[in-house]
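Right, one structure below, let's go through it.
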There are 2 protein chains.
Amino acid sequence: MTSQQDLLDTLALVARALGNGHRLALLERLAQSSAAVETLASAADLSIGNASQHLQQLRRAGLVTASRSGKQMIYRLTDERIVNLLGLLRQVAETNLAEMERLVSQLFAEDDASGALEAVSSRELLAALERGEVALLDVRPADEYQAGHLPGAINIPLKQLEAMLGDLPRDKEIVAYCRGPYCALSHEAVQRLRQLGYRVRRFEDGFPEWKAAGLPVSQP
Amino acid sequence: MTSQQDLLDTLALVARALGNGHRLALLERLAQSSAAVETLASAADLSIGNASQHLQQLRRAGLVTASRSGKQMIYRLTDERIVNLLGLLRQVAETNLAEMERLVSQLFAEDDASGALEAVSSRELLAALERGEVALLDVRPADEYQAGHLPGAINIPLKQLEAMLGDLPRDKEIVAYCRGPYCALSHEAVQRLRQLGYRVRRFEDGFPEWKAAGLPVSQP
DNA sequence: CGAACATTCAATCTATCAATTGAATATCGG
DNA sequence: CCGATATTCAATTGATAGATTGAATGTTCG
């Protein structure tokens, strides 16, 4: 006979798969796009063997699937909702855990110092885009941009920011985005562009959150 | 300096707190209402000492808070969104883990055998209530009902079902609800009432989910 | 077919988690 | 203040997770 506790134990199995920083890093990378083990390992700063083990655990928990493509195993998230799950976890943690708030404000300290404005919410961004008021800037590396991006976004990888300023409009406000709320790329971009006199703000989330919310994306 | 990994490690801390069946049982009980350690321990079928330890962990993860009331410590969820988090975890697990699906269908096997209809979604239920088409039946114990319930619900604890049939309207369809999707009370109630010739269906969620969705509740 | 490559498996060691026990602390009623 | 009640703390033991190593598997390419 099945008891309620069996169900909760199985649910706990899934939660436990989320209970490790390295695995969360792997999931964050997978939220960008599917990828091979080597890519994932280097994104999460793990050895290949170790990354593989963690990926097995995620697989057992039903969070990722793998399929072979030639010599490589391509991993992907099983479910778009996993991005929502991570987002909600983040919200709950930020609201209720002092340590979390401390770390976040530390990561964003430079923003505050430079007088950067509030980040733009997806609701605001959507409205501003419809009115044609803002230009979208994707500062992720080119391969991630190509795997999917917000419609109409210009891609200038952070490393080439100064070299590619010509692609940016000077007359509009710019909204920069990258991988997600904890990704440093857009923070950095906003700071540097502000120094150069651009009107620019950060999108508070990133590409995966936008997509998981069911908003339109350009995909290959 | 703060790295992104520090943030993920801290997030993992919260996820790890969810990674244990007993702690999930405690959280499910807390989703009904705040409660003292002894109540929680018996709801989760744990010794007092063990329950206390698990509650400490939940506290460290920022998921619950405790306040003293006389001799007792009253625990409560820190955040309504924790119910949403558990709900989303459940959805992801049910969709992607075969084992989970197996357990759920096993738990609901009797429903299928008795030809019970699909459960009612909260959207449907809300609409039917507005049109006055259905009567709401809360089959939880009286103390949980008193700590909060759906507006207009009649409370008949499952144990007194046959004794209190007089409280139920015979002319309307009845929707029964209890603690949540995995709670057996409303399943049992539906089966027994159907045998007696009532038109009755189950609400697919329970009181906590209804409340966490921001829908109206009657509270003391 | 066999070498090179990408990944997984098996075995090991250490660190952390879960349950239990008994002592310690805080509050209440008399 | 004292004894009863509710809970937490500290210490112990067995179980499980994480990292590392090297061998094993499956795939491509010459």
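By convention in this document, chain letters (A, B, ...) are assigned in the order of the sequence lines, proteins followed by strands, and residues within each chain are numbered from 1.
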Does this structure show an ion pair linking [X] with [Y], if we count only N-O contacts that are shorter than 4.0 Å?
X	Y	answer
B/Glu118	B/Arg201	no
B/Asp9	B/Arg16	no
A/Glu144	A/Arg179	yes
B/Asp205	B/Arg90	yes

Just the rounded figure in Å: distance from [atom2] of [N] to [atom1] of [X].
X	N	atom1	atom2	result
B/Leu18	C/dA18	CG	P	12 Å
B/Leu46	D/dT7	CG	C1'	15 Å
A/Arg68	D/dT25	CZ	P	14 Å
B/Ile74	C/dT27	CD1	P	14 Å
B/Asp9	D/dG18	CG	C1'	13 Å
A/Leu40	C/dT7	CG	P	9 Å
B/Lys71	C/dT27	NZ	C1'	7 Å

Taking DNA chain C as the partner, which of residues 51-63 of chain B come within under 4.0 angstrom of it by heavy atom? B/Gln53, B/His54, B/Gln57
Of the candidate nucleotides [options], which contains the atom at the shortest distance from the side chain of [X]?
X	options	answer
A/Gln72	C/dA6, D/dT20, C/dT8	C/dA6
A/Met73	D/dG18, C/dT7, D/dT5	C/dT7
A/Ile48	D/dA6, C/dT20, C/dT7	C/dT7
A/Glu38	D/dT5, C/dT20, C/dT7	C/dT7
A/Arg23	C/dA18, C/dT27, D/dG18	D/dG18
A/His22	C/dT8, D/dT7, D/dA19	D/dA19

Distance test, side-chain N/O of A/Asn20 to OP1/OP2 of D/dA17, below 4.0 Å: no
Quick check on C/dT8: is either OP1 or OP2 less than 4.0 Å from any side-chain nitrogen or oxygen of A/Tyr75? yes
Worked verdict on A/Gln56 versus A/Arg60 for side chain to side chain donor-acceptor pair (under 3.5 Å): CA-CA 6 Å; A/Gln56 301 301 319; A/Arg60 263 175 262 134; 5.4 Å; no
Report, as yes or no, whether the 6.0 Å neighbourhood of atom CD on B/Gln57 holds more than 12 heavy atoms from other residues, nucleotides or ligands. yes
May I ask you to check whether A/His187 and A/Phe108 place their ring centers less than 6.0 Å from one another? yes
